[in-house]
K.L.:
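Dropping the structure in here first, questions after.
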Amino acid sequence: MVMRVTNQAQQANALRNLFRITEDQFLTNQRIASGKRILAPSDDPLGLRDVLSLRASISRSEQFNRNITFNRVFVNSADAALGSVSTSLVRAQELAVNSLNGLNTTATRQAAAEELDKIIDTVFEAANTKVQGRFLFSGTGITTEPFQQNAGALGALYSGDGNSLNLAVADGLTVPITKPGSEVFAVDLNPAVTTATNLSDLNGGAGVTLGSLSITDREGNNAVVNLGAATTVNDVITAINGAGINVTASINSAGNGLLLTDTSTTITQALTVTESGGGTVAQELGILGSRNGNLTGQDLNPVVTTATTIASLNGGSGLTLGSVEVTNGSLSGTVDLSGATTLNDVITTLNGAGLNLTASINSLGNGLDVVSSNANTTAVIADASGGNTASILGIGGNNVFLALDTLKQALERDDTEGIAASLDLLNASRDKVSEVRAEFAAVAQTLDQMDTLSKADVVTQTDQLSDIEDADFVEEAANLAALEIALQATLATTARVLQPTLLNFLN
Amino acid sequence: MTSNIFSILNTAKLGLQSQQLAIEVTGNNVANVQTEGYSRQTVTLEPNTPRNFNLGQIGTGVRATGITRSFDQFLFNQILSENQSLGNFTVRRDVFENLEVLLNETEGVSLNGELSNFFSALGDLANNPTGFSERSNVISAGASLTQTFNKLGNSLTEERLNLNRRIDDEVTQINSLITEIARLNEIIPNTDLTGFAANDLMDQRDQLVKELSQKLDITRISSGDGQMNLTLSDGTPLVLGDQTFTLSTQANSNNSGLLDISIQGAGGATVNITSAIQGGEVRGLLDMRDTEVAGALDRLDRLAASVVTEINRVHQEGIGLDGSTGNDFFTALSVTTAANSANSGTGSVTIANASPTTTSTDKFQLTFTSATDFDVVNLTTGQSVGSFTYAGTPINLGGGFAVTVTGAPTAGDVFDFSTAANAASGMSVSTALLADSQILAAGQNGTGDGDNALALAGLQTRGVFSGIGFSSGTGTATFDDFYSGILNNVGNGSRSAQTLAQQQEGIKLQLDARRESISGVSIDEEMINLIKFQQAFQASARMISIVDEMFDILQNQI
């Protein structure tokens with residue numbers, strides 16, 4: 001039997017056909033207008049996932065790119081500053097060699113000393129270079145001017161810290177774009193905190209304002225710890241450990257502060273340390289705050305004292321001491337410091353070496369000053385061959401400011417032995433500066449490589465993103481044209497099919 | 001007996017009447033050509049009872065025995081069953097479309113973009129840790145991220161409430177449909193008693209049943225007396241003759257106060273049929289409300305909770321410009337605890353987030369086995385956390401929840417808790433940080449370095465999810481991956497709903513075409529019928545005039 005096609009069926013069919021085509025037209029038009037193939041997650045759920053991860057990835061690559069572009073100036077400026085220091089050192093060497101020439105007199109050496117004074121100013125300027133308002137060589141203490149004249153002694157005082165600014169240049173890769181001045185121009189002995197460290201030596205020698213602090217362990221037990229009578233770090237640790245709560249104090253793993261370990265079994269809150277009685281003792285001990293776990297205290301930055309052990313220097317890693325070569329006027333000799341266990345040992349060994357040396361701890365408490373006790377000679381301390389003891393102790397060797405200042409004093413004092421001996425220091429300093437410049441060059445190279453890489457990443461990923469996400473205009477335009485033809489044909493046939501009924505033909 | 005002239009007149013009269021009736025029915029068909037659900041009617045004609053005479057039988061004309069509608073009840077049953085699938089899939093498609101609009105990454109709100117912006121701002125801060133503009137940039141990017149989470153969280157919650165309102169509306173409509181069907185059931189057999197089928201009323205009732213089948217999974221059982229009984233596919237009666245079993249809604253406090261559906265059972269008691277409904281728009285609405293939208297919201301909440309937990313964890317370890325440490329970046333998460341409405345004990349459970357940087361973002365359920373003992377299950381992973389005994393001190397579980405029991409719970413009492421509930425809509429930057437950008441902890445060694453900002457920025461590529469569980473440090477999926485997963489779910493759900501709805505529409509169109517080919521009105525056909533009946537009418541009329549002439553002959557010419 002022939003299928004009965006009724007009016008409603010015809011109408012419904014015609015409508016559906018028209019709507020199907022116009023819907024396709026609408027979507028195609030939308031894709032063309034937005035330029036995107038994926039307009040909703042359901043258009044391509046897997047494709048959208050790739051789109052999102054590519055977008056995030058592009059944003060990261062752009063971030064790395066921006067990091068490098070905006071911060072390359074730090075590396076470039078450091079290199080420029082070190083270049084100028086290098087030039088200054090060469091000029092100082094020339095002055096020293098010229099001054100040893102037999103034609104020179106006290107007067108010409110004075111003149112050389114005056115020129116050297118200007119050179120030292122230039123080096124200070126280079127070492128205190130600021131980029132974008134941030135000191136280049138003060139570590140992360142970027143608002144602190146790193147170097148000052150060491151009044152009353154030789155060299156410079158370093159007030160910065162021992163950290164570097166790190167720049168993220170790729171996923172999981174950071175490079176240091178600055179170097180602390182203590183690794184370039186002078187030395188910071190950087191002692192670790194030990195139980196024997198006096199509270200008064202903490203915070204760069206500013207000490208701790210004694211008072212009480214309140215500790216609440218994770219179980220909620222609270223104790224007020226009175227540190228009014230504490231004198232050493234050990235006193236603080238003992239007081240906290242004896243407070244009767246589930247908190248144990250110790251020196252932290254970095255060796256630069258305290259660590260509060262919570263041993264609570266029932267946890268109801270965070271381990272919290274607050275001030276008690278309006279003091280600032282918790283903050284000054286670096287343990288103010290709260291943690292859902294153990295509280296690692298901040299860097300307490302202790303100063304050195306004569307009792308400071310050699311093993312606690314260099315952030316607790318200790319220093320391996322050997323011999324130093326001392327020249328002081330006509331006196332000279334090798335001083336063996338390998339037996340020293342404390343700074344006091346170093347100081348007494350130097351002072352008792354019969355070389356007219358006066359050693360002491362510097363005014364910032366982060367280094368040693370060694371001067372000649374004879375006002376007419378200059379004490380020059382160099383590394384023994386193959387060693388680095390003078391350099392790492394910051395009493396000579398490759399310390400730039402010390403080398404320049406020593407030469408200046410030798411020139412002023414007309415001490416030819418001193419002038420000759422400082423040439424060694426200047427050489428060692430130039431080597432040191434060159435070494436650091438090479439490190440910066442390596443960083444600059446990494447930056448260049450990563451810059452190229454991240455730019456290429458952005459390009460390839462954007463390309464890929466476009467492949468997945470963007471509409472194919474040619475295809476869409478072809479679709480649209482095809483749909484238009486289909487629509488016209490459907491409209492034309494619909495008009496013919498729907499119109500006539502038998503009525504049109506009956507009279 | 002011989003032929004009777006009056007009998008001829010009578011035959012012609014019957015012919016006239018029958019054709020007139022047929023024309024009237026044809027007229028009715030034409031009038032209803034565009035009426036939805038109308039079934040074409042035809043007059044069944046049959047020869048009138050013949051009378052006997054000496055030569056045998058002779059016909060006495062025609063008689064209309066009834067007006068029948070062209071109706072295929074098997075096709076109708078098929079339409080009903082396909083309709084409930086169509087209703088279900090259409091709702092799913094429409095709601096998924098709404099979700100897609102909400103989560104549209106191409107235009108509009110882009111959580112992916114906001115996350116990228118936030119981490120970029122942290123990257124900039126790492127480069128200049130002391131810069132105030134970098135700091136306020138990070139805070140405003142963080143605030144913008146929280147606003148996006150808030151908006152999405154609120155929109156999804158609103159979507160659930162909308163679905164809830166629609167369920168309420170559907171129940172009202174269903175009730176009015178079944179009441180109307182029952183009323184028609186009452187009338188139809190009475191009309192049938194007259195000997196003629198109540199075609200138009202039956203069409204009306206069929207149309208109502210069809211509407212109802214879009215909403216619920218109904219099964220139709222016709223009883224012999226022309227009444228139509230309707231049940232749910234599990235046998236729960238909806239309409240029995242003229243008796244109706246109306247639906248009602250009640251808030252389910254175990255489901256955020258959203259509505260459950262009950263039916264009036266035998267003896268006046270109401271029975272909860274929320275899970276017994278298997279098809280139709282109502283099932284679609286329930287599924288979308290309680291599974292799909294709720295699932296998307298749950299994932300979004302967990303993402304927000306994880307962002308808060310992880311960012312805060314790293315942020316707390318850093319040092320602000322003012323030297324302070326241990327501060328939160330985002331407002332710490334609190335625990336939402338919900339007691340089951342069926343709990344019989346008087347006990348309550350207080351759960352604190354004792355360790356906001358380590359607590360799990362999963363959903364947990366605590367079930368008492370005695371007044372002091374309880375089991376805890378992680379609902380997200382389905383794994384048991386363990387059995388515990390409360391002895392007066394808080395009990396820790398799930399990485400930092402501190403559970404305290406007060407009062408007297410009884411065995412079987414259930415409490416649900418999680419930190420993630422409403423985490424997206426309630427996410428905010430910590431007020432302390434908003435007040436003072438100095439406490440933004442960019443440094444790790446002191447106040448000048450950007451190492452902590454770097455660590456925070458590094459979280460963008462850090463795996464913090466394993467599967468759907470938040471596991472800081474050991475996971476394999478990043479925040480971005482997790483969010484893509486949400487979109488993927490919605491996208492795939494929407495795609496399959498679209499396909500299914502389209503297929504179902506195709507099936508319905510075919511069935512409708514078949515129904516139309518059986519029951520629909522064709523004007524052409526009716527015109528032909530009209531001509532047919534008109535000619536028959538004319539012929540019968542001609543018969544009368546012939547008989548008239550015959551009378552004339554007999555009276556005047558004899």
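Throughout, protein chains are lettered first and strands after them, A, B, ... in sequence-line order, and every chain is numbered starting at 1.
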K.L.:
Let me know if A:Asp50 has heavy atoms under 4.5 Å from chain B in its side chain, its backbone, both or neither.
P.N.:
neither

K.L.:
Is chain B contacted by the side chain of A:Ile177, its backbone, both, or neither, given a heavy-atom distance below 4.5 Å?
P.N.:
neither

K.L.:
Of the backbone (N, CA, C, O) and the side chain (C-beta and beyond), which part of A:Gln63 lies under 4.5 Å from a heavy atom of chain B, both, or neither?
P.N.:
side chain

K.L.:
In terms of heavy-atom pairs under 4.5 Å with chain B, which of A:Asn13, A:Thr266, A:Thr272 leads?
P.N.:
A:Thr266

K.L.:
Within a radius of less than 6.0 Å around CD of A:Gln132, do more than 12 heavy atoms belonging to other residues, nucleotides or ligands occur?
P.N.:
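More than 12 within 6.0 Å, yes.
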
K.L.:
Give, as side chain, backbone, both or neither, the part of B:Leu487 having an atom under 4.5 angstrom from any heavy atom of chain A.
P.N.:
both

K.L.:
For A:Ala56, is it the side chain, the backbone, both or neither that has a heavy atom under 4.5 Å from a heavy atom of chain B?
P.N.:
both

K.L.:
Who wins among A:Glu62, A:Gln11, A:Gln10 for the most heavy-atom pairs under 4.5 Å with chain B?
P.N.:
A:Gln11

K.L.:
Tell me, for B:Asp480 versus chain A, whether the close heavy atoms (under 4.5 Å) come from the side chain, the backbone, both or neither.
P.N.:
side chain

K.L.:
Please rank B:Pro356, B:Gly400, B:Gly450 by heavy-atom pairs under 4.5 Å with chain A and give me the top one.
P.N.:
B:Pro356

K.L.:
Look up atom CG in B:Asn353 and atom OG1 in A:Thr268, then write down how far apart they are to the nearest 0.5 Å.
P.N.:
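Here the interatomic distance stands at 11.5 Å.
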
K.L.:
If you measure from CG on A:Leu52 to OG on B:Ser116, what distance do you get to the nearest 0.5 Å?
P.N.:
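Reported to 0.5 Å precision, the distance equals 9.0 Å.
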
K.L.:
Grab the two heavy atoms, one from A:Ser59 and one from B:Ser120, that are nearest each other, plus how far apart they are.
P.N.:
OG-OG, 3.7 Å

K.L.:
Heavy atoms only, distances under 4.5 angstrom: which of A:Thr140, A:Thr6, A:Thr143 has the most pairs with chain B? Name it, please.
P.N.:
A:Thr6

K.L.:
Select, from A:Asn163, A:Thr265, A:Leu165, A:Thr174, the one with the greatest count of heavy-atom pairs under 4.5 Å involving chain B.
P.N.:
A:Asn163

K.L.:
How close do A:Ser42 and B:Gln498 get, counting heavy atoms only, and between which atoms?
P.N.:
OG-NE2, 3.3 Å

K.L.:
For the CD atom on B:Glu36, are there more than 12 heavy atoms of other groups (residues, nucleotides or ligands in this structure) within a distance under 6.0 Å?
P.N.:
no

K.L.:
So which of A:Arg49, A:Arg66, A:Arg16, A:Gln8 has the largest heavy-atom pair count under 4.5 angstrom toward chain B?
P.N.:
A:Gln8

K.L.:
Restricting to non-hydrogen atoms, name the atom on B:Asn112 and the atom on A:Arg55 that form the minimum distance, rounded to 0.1 Å.
P.N.:
OD1-CB, 4.0 Å

K.L.:
Would a 4.5 Å heavy-atom cut-off, applied to side chains only, mark A:Arg134 and B:Pro129 as touching?
P.N.:
yes

K.L.:
Does any backbone or side-chain atom of B:Ile523 lie under 4.5 Å from a heavy atom of chain A? Answer side chain, backbone, both or neither.
P.N.:
both

K.L.:
Side chain from CB out, backbone as N, CA, C, O: work out which of these in B:Glu505 comes under 4.5 Å of a heavy atom of chain A, or both, or neither.
P.N.:
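Neither part; nothing is under 4.5 Å.
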
K.L.:
With a 4.5 Å limit on heavy-atom distance, are the side chains of A:Leu48 and B:Asn488 in contact?
P.N.:
no

K.L.:
Under a 3.5 Å cutoff, is there a donor and acceptor pairing between the side chains of A:Asn7 and B:Glu516?
P.N.:
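Short answer, no.
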
K.L.:
Using the test side chain to side chain donor-acceptor pair (under 3.5 Å), find all partners of A:Ser264 that sit at least two apart in sequence or belong to another chain.
P.N.:
A:Asn246, A:Asp262

K.L.:
So for B:Glu525, is it side chain, backbone, both, or neither that comes closer than 4.5 Å to the heavy atoms of chain A?
P.N.:
side chain

K.L.:
Measure the spacing between CD1 of A:Ile267 and CG of B:Leu397 and express it to the nearest 0.5 Å.
P.N.:
11.5 Å

K.L.:
What pairs meet the side-chain hydrogen bond (donor to acceptor under 3.5 Å, both in side chains) rule with one or both residues in residues 285-296 of chain A, with sequence neighbours excluded?
P.N.:
A:Arg291-B:Thr325, A:Asn292-B:Thr357

K.L.:
Hey, which of B:Asp124, B:Ile518, B:Thr393, B:Ile319 has the most heavy atom pairs under 4.5 Å with chain A?
P.N.:
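Result: the option with the highest number of such pairs is B:Asp124.
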
K.L.:
When only pairs under 4.5 Å are counted, which of B:Ala497, B:Ser522, B:Ala402 shares the most heavy-atom pairs with chain A?
P.N.:
B:Ser522

K.L.:
Where on B:Asp451 is there a heavy atom nearer than 4.5 Å to chain A: the side chain, the backbone, both, or neither?
P.N.:
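For B:Asp451, the side chain is the part near chain A, not the backbone.
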
K.L.:
Between A:Leu288, A:Asn67, A:Leu167, which has the largest tally of heavy atom pairs under 4.5 Å with chain B?
P.N.:
A:Asn67

K.L.:
Is A:Asp43 in contact with chain B via its backbone, its side chain, both, or neither, using a 4.5 Å heavy-atom distance?
P.N.:
backbone

K.L.:
Which bit of B:Thr35 is near chain A, if near means a heavy-atom gap under 4.5 Å: side chain, backbone, both or neither?
P.N.:
backbone

